[in-house]
Each structure stands twice: as structure tokens, then as C-alpha cells.
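Atoms within a ligand are numbered from 1 in the order they appear, just like the ligands themselves.
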Amino acid sequence: MGPEGSGWARRKVRAVVLCPQSPRSPPAFAHAPILRGPDSGRVSRPSWARWFPGHPGLHFPAGLPLGWKALLAKSEVISFPVVQLHLNRTAMRASQKDFENAMNQVKLLKKDPGNEVKLKLYSLYKQATEGPCNMPKPGVFDLINKAKWDAWNALGSLPKETARQNYVDLVSSLSSSLESSSQVEPGTDRKSTGYETLMVTSEDGITKIMLNRPTKKNALNVEMYHEIMHALKAASKDDSAITVLTGNGDYYSSGNDLTNFTDIPPGGVEEKAKNGAVLLREFVGCFIDFPKPLIASGQCPALGHLPSPSLGYSIAVYASDRATFHTPFSHLGQSPEGCSSYTFPKIMSPAKATEMLVFGKKLTAGEACAQGLVTEVFPDSTFQKEVWTRLKAFAKLPPNAMRISKEIIRNREKEKLHAVNAEECSVLQGRWLSDECMNAVVNFLSRKSKL
Ligand SMILES: CCCCCCCCCCC/C=C/C(=O)SCCNC(=O)CCNC(=O)[C@H](O)C(C)(C)COP(=O)(O)OP(=O)(O)OC[C@H]1O[C@@H](n2cnc3c(N)ncnc32)[C@H](O)[C@@H]1OP(=O)(O)O
């Protein structure tokens with residue numbers, strides 16, 4: 001670790017955790033660790049329902065060191081304006097029995113619905129049982145309790161009956177969406193509903209993986225990393241001929257979700273960085289190994305690191321003339337990833353790659369096309385029509401021939417790409433512990449800077 005690593009790396013941080021409560025007890029502040037697998041950044045829990053029934057207790061242990069306190073305090077990691085579920089079914093009124101059933105149903109969910117939803121459930125439970133928020137506002141460093149307070153307080157004077165109905169509706173939609181995720185079989189020609197952060201459809205021989213966090217500019221949170229990997233693995237086995245990666249909303253992606261840096265596991269920032277490197281290596285590895293033609297179709301700006309893997313390994317990149325490509329690694333105190341340190345200088349030229357990867361120069365779609373990063377640029381007004389006409393024609397070509405052709409083009413490089421990926425992740429692991437990186441993240445989270 002370099003000298004500047006001292007700012008973050010030596011500080012130990014204990015966990016910010018969600019804890020089990022009895023559905024009928026008032027929210028308490030018990031202690032239950034978030035468990036992390038040894039080789040993954042993903043939170044794993046023996047059974048999430050065990051520690052999150054109808055209203056979660058949330059625990060924020062004392063003793064956080066000052067630097068991380070400042071970071072966490074400035075972040076809005078636990079804020080949750082975006083629960084994209086329809087909650088306002090006013091025509092029906094849920095009975096007390098429905099409400100109790102819903103509380104029991106929550107305990108049976110097999111998949112963790114994520115903090116945003118859990119806080120929504122908590123706030124609806126409190127509103128339904130106690131009415132408008134009646135707790136004193138917690139202090140700024142008391143992040144978890146503040147998140148809970150914010151959630152409950154945000155419901156204002158919502159009537160108890162409506163809160164009860166919304167709770168029942170939310171649980172019902174969770175039960176169907178989370179249960180169905182385990183039932184989705186790769187290879188089916190239909191919309192897959194089991195993803196939280198993606199929309200995946202398979203039609204006309206094309207599997208379309210659409211990043212679907214438009215309100216966050218499609219920033220990649222940990223769940224999205226996992227879901228993209230899952231979707232790619234499923235697409236590699238399904239009966240589609242080609243796979244298209246695209247984004248919903250006005251950004252193809254805004255890169256790594258910077259709040260990923262704020263949820264610190266019991267092992268502290270070093271463990272966080274280690275898990276992040278494992279996750280990133282696995283994520284990029286999925287792109288390297290993806291066997292079918294992969295097309296990135298971007299009508300809007302692409303920021304950060306999704307451009308690297310998808311530009312580096314896609315057979316084709318189609319962009320509208322409104323799209324831009326930006327890899328601001330240095331701005332964020334980070335370093336190239338997604339094999340861009342190897343693929344970009346080969347595709348472009350070392351000098352142009354330096355401008356992009358070291359100085360963070362943003363390229364227009366036209367410039368990226370001239371540099372060979374983008375296959376073709378289409379006018380924004382006709383982008384969808386022209387690209388999809390072309391994709392549908394490609395999808396009718398013999399799939400095995402396409403797969404074998406891709407294999408022969410890419411296979412010689414595969415080993416090298418995996419080695420580059422490993423090296424980049426190891427370097428990044430060190431960068432994530434640096435003051436340069438911490439300052440950039442803090443600046444963004446405290447809304448002092450945008451790219
Ligand atoms: C130890 C860590 C483990 C991590 C796990 C693995 C990580 C692998 C990482 C590999 C290296 C990757 C590098 C990168 O991706 S570098 C790029 C990072 N991205 C950014 O820096 C972009 C930051 N965003 C912005 O600058 C602007 O939001 C943007 C220019 C994209 C859009 O500006 P605009 O004004 O149009 O919109 P808003 O800023 O209001 O954004 C709307 C909401 O979206 C949230 N948002 C946007 N981007 C991100 C992001 N990258 N991370 C988190 N949140 C993001 C933004 O905060 C707004 O939210 P609110 O409405 O709630 O305020």
C-alpha cells in the first residue's frame with residue numbers, strides 16, 4: 001500500500017447492520033452481523049427473513065472512526081426515494097388479518113429485497129400501527145436510525161388504513177417478483193421478471209439485457225453487478241442467437257454506484273476493497289468468457305466502467321450521435337479496469353487511450369467511432385429503428401457459425417484478458433484504500449462534484 005493509503009486503510013470499521021426483531025415488538029437496536037462470503041462482495045445471510053420480519057430493527061454500532069463517519073454521514077446510502085413498486089391501490093382496504101398475513105409472508109421470502117424496500121416496509125409498518133412519525137429526529141451520525149426516521153417521517157399524515165394497504169400490496173408484489181426470480185429458466189422466450197435492476201427480454205432470437213435504474217442513471221450497485229452476471233450466464237445458455245446490452249433512461253450507465261463504497265463490512269475497508277476486487281474480477285470475467293455475439297447499443301452517455309467491458313469485448317457497439325463515452329478513472333482516484341488498459345491502446349492508439357484512460361477525456365460518439373471504439377453512429381432520431389432492424393437481421397444468421405466465429409476471433413486473447421483483468425483488479429483494490437479515492441467519493445456523495 002502506498003503512503004496515502006494510511007488515510008483509510010488502517011481504520012477499522014465495524015458493521016452497520018440490520019437486525020431481527022419480533023414482528024410485534026417495538027423497533028430495537030440489536031446486533032446481528034451482515035455476513036459476507038470469503039470470496040464475494042455480495043452480502044450473504046443464513047436466511048434474510050430471520051433478521052428482517054415486518055419491521056426491521058437497524059443497528060449502527062458505536063466506535064466508527066472519524067474519517068468513515070464523515071463519509072457515511074455525507075453519503076445518502078440509506079436514503080431510499082426510489083421504491084419502484086405501485087403502492088397506491090386505494091380502491092381496496094386491507095383488513096388487520098391481511099396485514100398480519102403479510103407480516104408472516106415477509107418472513108417467508110427467500111430473497112433479501114434490499115435495504116430500500118426493507119426501509120419502506122418498516123415505515124409502512126410503523127405508520128400502519130402507530131400513525132405519523134412520533135420519534136425525535138436522530139442525530140446526523142446515527143445513520144441507520146436517521147434512515148428509519150426519514151422513511152417513516154416521509155409518510156407524513158398518510159392514514160393508517162392506507163399504510164396498511166400499501167404494506168400488504170408491497171409484500172404481495174415482493175412475493176411474486178422475488179419468488180418468480182428463482183423460477184425463471186434460461187432459454188424461455190419471454191420477459192424475465194425476477195430482476196430488480198435489469199429488464200431482460202428474449203424475442204426474435206435476441207436477448208436484451210437492459211440496465212434499469214434510470215433514476216440513478218443506471219449506476220451499478222452490487223445487486224446490478226450480480227444480476228448482469230446472472231443475465232449473461234443465462235443468455236449464454238438460452239436459445240437466442242445474439243445478446244444486446246442497453247440502458248433505460250437518459251444514461252446508458254453512470255458507472256460504479258459510488259454508494260457501493262459506503263456499506264462497510266465487519267472486516268473494515270480492507271475487506272470491502274478485497275471483496276470489491278473479487279466482484280469486479282468475476283464481473284469482467286463474465287464478459288471475457290461470454291460466448292455469443294454481444295452488442296452494446298447506447299443512445300445516451302456512458303460513463304465509468306461499463307463502457308470498458310462492453311466496448312472491449314463487444315462484437316459491435318452502436319451509438320447514437322447523442323452518446324458520449326467517458327472513463328474518468330483518475331478523477332475518482334482510481335485506475336483503468338474492464339481490461340481497458342490493454343484493449344483501449346490496441347483498439348485506439350496508446351496516445352489516444354492515454355487521453356481517455358489517464359486524463360479522462362470524454363469522447364463524442366463520432367470521435368469514439370473514428371477511434372475504433374464504436375462500430376457505427378446513427379442519428380438519434382432514427383437510432384432505435386435502424387439498430388433494431390439490423391439486429392433482427394443478424395439474429396437470423398446461423399447461431400453456431402456466429403458463436404464459432406466469435407470464438408476464433410477472441411480465443412487467442414482470452415488468457416491474456418483474464419491476466420489483465422486480475423492485474424487491474426489488484427491495482428484497483430489498492431486505489432480504493434487511497435485518500436484520493438475517498439475524497440472523490442466523499443465529494444460526489446456530498447454533492448460537491450459531478451463528472
Ligand atoms: C470498495 C468498493 C467496492 C465496489 C464494488 C466493485 C466496484 C467496481 C468499480 C470499478 C471501477 C469503476 C469505475 C467507474 O465506474 S468510474 C465512474 C463512476 N461514476 C461517476 O463518478 C458518476 C457520478 N455521477 C455523476 O457525475 C452525475 O450523476 C451524472 C453526470 C452521471 C448525471 O448528472 P445529472 O445532473 O444528470 O443527474 P444527478 O447527478 O442528479 O443523478 C441522478 C441520481 O443518480 C445518482 N447517481 C448518478 N450516478 C451515480 C453513481 N455513479 N453512483 C451513485 N449514484 C449516482 C445521483 O446521486 C442522483 O441520485 P439522487 O436523485 O438520489 O440524488
Side-chain angles (χ1 to χ4, degrees), residues 8-9 13 36 40-43 68 71 74-84 116 150 197 211 213-226 228-229 247 249-265 267-285 287 300-310 324-341 356-357 360 362 421 424-434 436-451:
W8 266 9
V13 180
R36 280 170 195 274
S40 148
R42 187 164 206 182
V43 176
W68 274 98
L71 171 61
K74 282 176 179 173
S75 81
E76 293 176 7
V77 61
I78 312 289
S79 74
F80 55 98
V82 203
V83 174
Q84 293 158 339
E116 286 183 8
D150 285 342
T197 65
L211 312 185
R213 292 185 80 214
T215 56
K216 296 289 177 191
K217 310 293 178 191
N218 292 324
L220 280 92
N221 60 8
V222 170
E223 183 160 31
M224 195 189 273
Y225 283 109
H226 283 283
I228 292 173
M229 289 193 277
D250 61 355
Y251 265 76
Y252 177 86
S253 170
S254 62
N256 182 41
D257 188 317
L258 296 173
T259 66
N260 284 339
F261 288 97
T262 56
D263 171 23
I264 308 303
V269 280
E270 290 90 350
E271 185 189 333
K272 178 88 193 172
K274 191 168 153 227
N275 290 341
V278 171
L279 175 65
L280 181 63
R281 187 170 167 186
E282 193 189 346
F283 177 73
V284 173
F287 282 85
C300 331
L303 225 163
H305 84 130
L306 206 60
S308 333
S310 59
T324 53
F325 298 86
H326 192 191
T327 50
F329 302 124
S330 300
H331 293 67
L332 293 161
Q334 297 181 43
S335 48
E337 48 72 56
C339 295
S340 56
S341 65
M356 201 169 171
L357 297 176
K362 190 192 289 184
N421 182 25
E424 287 179 346
C425 290
S426 159
V427 172
L428 259 174
Q429 187 177 332
R431 293 310 307 158
W432 288 331
L433 298 174
S434 71
E436 286 182 351
C437 179
M438 178 183 74
N439 290 338
V441 173
V442 168
N443 281 340
F444 174 74
L445 294 176
S446 57
R447 302 301 189 265
K448 282 194 203 135
S449 75
K450 275 187 189 177
L451 291 167

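Using a 4.0 Å cut-off to heavy atoms of A219, the atoms of ligand 1 that qualify are 49 (C), 50 (C), 51 (N), 52 (N). Here is the list of ligand 1 atoms found below 4.0 Å of a heavy atom in K272: 1 (C). Listed by atom number, the atoms of ligand 1 under 4.0 Å from T215 heavy atoms are 42 (C), 43 (C), 44 (O). Of all atoms in ligand 1, numbered sequentially from 1 with element shown, those under 4.0 Å from a heavy atom of L332 are 16 (S), 17 (C), 18 (C), 21 (O). The ligand atoms of ligand 1 that sit less than 4.0 angstrom from a heavy atom of E337 are 10 (C), 11 (C). Remark: ligand 1 atoms within the under-4.0 Å shell around heavy atoms of L303 are 31 (C). Using a 4.0 Å cut-off to heavy atoms of Y225, the atoms of ligand 1 that qualify are 7 (C), 8 (C), 9 (C). Of all atoms in ligand 1, numbered sequentially from 1 with element shown, those under 4.0 Å from a heavy atom of F261 are 1 (C), 2 (C).
Between the side chain of E436 and the main chain of R431, no donor-acceptor pair closer than 3.5 Å is present.
Across the listed options C425, A440, S254, G255, S254 owns the non-hydrogen atom lying nearest to atom 48 (N) of ligand 1.
Scanning all heavy atoms of the two residues, the minimum distance from S330 to L357 falls at OG-O, 4.0 Å. Residues L433 and A273 come closest through the heavy atom pair CD2-CB, 3.9 Å. For the pair G249 and P214, the tightest heavy-atom approach, listed with the atom from each and the gap, is CA-CB, 4.1 Å. Residues L258 and V441 come closest through the heavy atom pair O-CG1, 3.8 Å. When all heavy atoms are compared, the tightest approach of Q334 to F261 is NE2-CZ, 3.7 Å. Residues A302 and Y252 approach most closely at CB-CD2, 3.8 Å, considering heavy atoms.
Any N or O atom pair closer than 3.5 Å counts here, and L258 shares at least one such pair with ligand 1. Considering backbone and side-chain N/O atoms, Y251 never comes within less than 3.5 Å of an N/O atom of ligand 1.
Partners of N218 by side-chain hydrogen bond (donor to acceptor under 3.5 Å, both in side chains), not counting sequence neighbours: none found. With sequence neighbours left out, the side chain to side chain contact (heavy atoms under 4.5 Å, CB included) criterion links C425 to A277, L280, R281, N421.
Both the backbone and the side chain of D257 come within 4.0 Å of ligand 1, judged by heavy-atom distances. With a 4.0 Å cut-off on non-hydrogen atoms, V222 does not touch ligand 1 at all. In Q334, the part holding a heavy atom less than 4.0 Å from any atom of ligand 1 is the side chain. Contact annotation for K216 and ligand 1: heavy atoms of both the backbone and the side chain come within less than 4.0 Å of the ligand.
For T197 and E223, the side-chain atoms include no donor-acceptor pair closer than 3.5 Å.
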